[in-house]
Amino acid sequence: MQATVHCAVKGSVGYCFQRGRDLSGFGYIRCGELRIPQHIDEPSWNRLRLNSASTGLVFARTRDCINGIFWSRTMSRSVKLQASGKDHGDIVPMVPQGKSSGTVLPFVGVACLGAILFGYHLGVVNGALEYLAKDLGIAENTVLQGWIVSTLLAGATIGSFTGGALADKFGRTRTFQLDAVPLAVGTFLCATAQSVQTMIIGRLLAGIGIGISSAIVPLYISEISPTEIRGALGSVNQLFICVGILAALVAGLPLAGNPLWWRSMFGIAVLPSVLLAIGMMFSPESPRWLFQRGRILEAENAIKTLCGKERVSEVMRDLTASTQGTMEPEAGWLDLFTRRYWKVVSVGAALFLFQQLAGINAVVYYSTSVFRSAGIESDVAASALVGAANVLGTALASSLMDKQGRKSLLMISFGGMAASMLLLSLSFTWKVLAPNAGSLAVIGTVLYVLSFSLGAGPVPALLLPEIFASRICAKAVSLSLGMHWISNFVIGLWFLSVVNKFGISSVYLGFSTVCLLAVMYIVGNVVETKGRSLEEIERALNQAA
């Protein structure tokens, strides 16, 4: 007597199995010509799976059948848990006991070279602009100076939209290697420029490079990190962006004694670009991307390198479950705006929009004037204080990300930013605070940057690869990062005009209001992803849709 045929899909490999009973009444499961007793215990299942895998490629199909049946058993237990009233949030994710034999940190470090370059290119022009303008003969032409600054942001917008498509087509590691080309060439052109045109072209290429980096660094780190430390490793991306900005500030220290040092400041960035390309030659590809391409053995080898051989079956089981019953093709750009995906895509775009409209770049830009009003004359000291607060907050966020959770850190962060902005606004308007206005402005600025770095800075880039379905992930991350760069460009373009028209106090009050709106939006729309695998999150969001 045979039961209903059950089907499953593993990557691009399909397999079917039947349940039935033999003449003696014992249950069995048939997969092709393979017949396995249904009453077999768990240790025997594991031995059978390992033996089938160790006999070579001839029995690869048998191994897939056994893995599929084993997955079926696991899902049956999951269904029973859900039937008893527990949803996805109540199910405790499987975390292996003991120390993992995998190694992920060196490869996260290689990827973070892209984050360092991101921060370095954003910060390097601040100290070098005055000196390069004199050297290129545009000291009196603020329009051309503005083009040198803003061309980087325009290039980053282009790069952020193309990064996802490249990562989907060529893979994450190959995209990093391709990204190193505009980063290195653009940097070289800036360092050797003898004309404004060459400098602008160099900044545009460097911008395209950091735009691609901004999309693929958090994506790659999220996909190679073990679930239990994914939050901490993901926030390292923002930490290294801050390190890159600080490195640019430090690199500018010799400028006072050597006006031509600005060329060396740009030239320094060629080295990490080359190291990024070389490092990615030895880094494993994302197991998730390999699995989606049907490259199962390569995915297993990558998991073994990153998480240890003891976790291969667990991670492969998650990847199998995430694609169970679907062989959908890769999503196109228009798919992001369909009813199925738009809600979660809009969350990613909104988080980056709130991040920029909350005024982080405006506050950092205006911090020097604020500190001067408090009696701090040194631009370097003011910038260093803001940079130190940023690094400190991001380091603290890394330690809290997998304990406190992403959603709660976002709410705490935007709430702290709202309070800090209100303090800054009042320090400029309330006469009763006038005697201490300078000190309060400094405190408000530092607290604002510290609050930003706790959540609003690192969490969006970490959260996006976690909440986006695998078939839309790279493109959806690119779309959200595009929103980041566009809003960044608009704020940079119009900030001073708005300040001149309405006053800095009113602008800061507006930023405070945006932060409060962000808290309300997060409460109603952002899901908590702490401690859940990417595949668990995807299944939960698909069911909620």
Side-chain angles (χ1 to χ4, degrees), residues 100-122 156 159-160 163-164 166-187 206 208-227 229-248 268-290 298-299 301-308 315 391 394-395 398 401 458 461-462 464-465 473-474 477 481 534:
S100 171
S101 61
T103 304
V104 70
L105 290 180
F107 309 117
V108 171
V110 172
C112 282
L113 288 171
I116 290 174
L117 287 166
F118 181 159
Y120 190 86
H121 281 293
L122 284 178
S160 65
L166 291 172
D168 274 343
K169 184 174 179 62
F170 299 109
R172 293 16 173 178
T173 55
R174 182 61 59 85
T175 302
F176 272 113
Q177 292 174 303
L178 293 173
D179 184 35
V181 175
L183 284 170
V185 173
T187 300
I208 291 172
I210 68 169
I212 295 173
S213 294
S214 70
I216 61 173
V217 171
L219 178 66
Y220 179 71
I221 293 176
S222 178
E223 291 182 344
I224 68 171
S225 300
T227 299
I229 58 172
R230 191 177 65 243
L233 293 182
S235 60
V236 167
N237 172 51
Q238 180 69 21
L239 178 62
F240 275 96
I241 292 174
C242 300
V243 169
I245 294 172
L246 274 179
I268 289 169
V270 173
L271 180 60
S273 303
V274 174
L275 292 177
L276 177 64
I278 296 173
M280 280 298 159
M281 293 173 62
F282 303 98
S283 299
E285 183 53 82
S286 158
R288 210 180 194 206
W289 184 83
L290 290 170
E298 292 178 66
N301 289 333
I303 295 167
K304 190 181 298 183
T305 300
L306 295 166
C307 304
V315 178
V391 172
T394 306
S398 298
M401 200 69 69
L462 166 65
L464 265 54
C473 189
V477 168
L481 264 298
L534 298 180

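With rounding to the nearest 0.5 Å, the separation of CE in M280 from CZ in F107 is 9.5 Å. How far CD1 of I212 is from CG of L166: 5.5 Å, rounded to the nearest 0.5 Å.
Scanning both residues, A269 and T187, for their nearest heavy atoms gives CB-CG2, 3.7 Å. Across every non-hydrogen atom of T175 and G163, the tightest pair is CG2-O, 4.3 Å. The heavy-atom pair separating S286 from Y220 by the smallest distance is N-CE1, 4.2 Å. The two residues V391 and C242 make their nearest non-hydrogen contact at CG2-CB, 3.7 Å. Considering every non-hydrogen atom in both V477 and A215, the closest pair reads CG1-O, 3.5 Å. Across all non-hydrogen atoms, the minimal contact from I224 to P287 is CG2-CD, 4.3 Å.
Residues F176 and L113 are not in side-chain contact: their nearest non-hydrogen atoms beyond the backbone lie 4.5 Å or more apart. Proximity of L239 to P458: side-chain heavy atoms (C-beta onward) are nowhere separated by under 4.5 Å. Side-chain contact check for I116 versus P272: every heavy-atom pair is 4.5 Å or farther apart. Side-chain contact between L462 and N237 is absent, with no heavy-atom pair separated by less than 4.5 Å. Two residues are said to be in side-chain contact when any heavy atoms from C-beta on lie closer than 4.5 Å; Y120 and I245 fail this criterion. You'll find the side chain of I221 reaches within 4.5 Å of the side chain of C112, heavy atoms only. A heavy-atom distance below 4.5 Å is found between the side chains of S213 and D179. Using a 4.5 Å heavy-atom cutoff, the side chains of I210 and L183 are in contact.
A donor atom on one side chain and an acceptor atom on the other are not found under 3.5 Å apart for Q238 and T394.
Checking side-chain atoms of S222 against main-chain N and O of P218 turns up no donor-acceptor pair under 3.5 Å. Although no hydrogens or angles enter the test, the distance criterion places a donor-acceptor pair under 3.5 Å between the side chain of E285 and the main chain of T173. Judged by distance alone, with hydrogens and angles left aside, the side-chain atoms of S225 form no donor-acceptor pair with the main-chain N or O of L233 at under 3.5 Å.
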Could you please spell out the steps behind the salt bridge (charged side-chain N to carboxylate O under 4.0 Å, His left out) verdict for R172 and E223? CA-CA 10 Å; R172 293 16 173 178; E223 291 182 344; 2.9 Å; yes

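With sequence neighbours excluded, the residues that form a side chain to side chain donor-acceptor pair (under 3.5 Å) with S214 are W485.
Judged as a side chain to side chain donor-acceptor pair (under 3.5 Å), not a single pair has a partner in residues 274-283 (not counting sequence neighbours).
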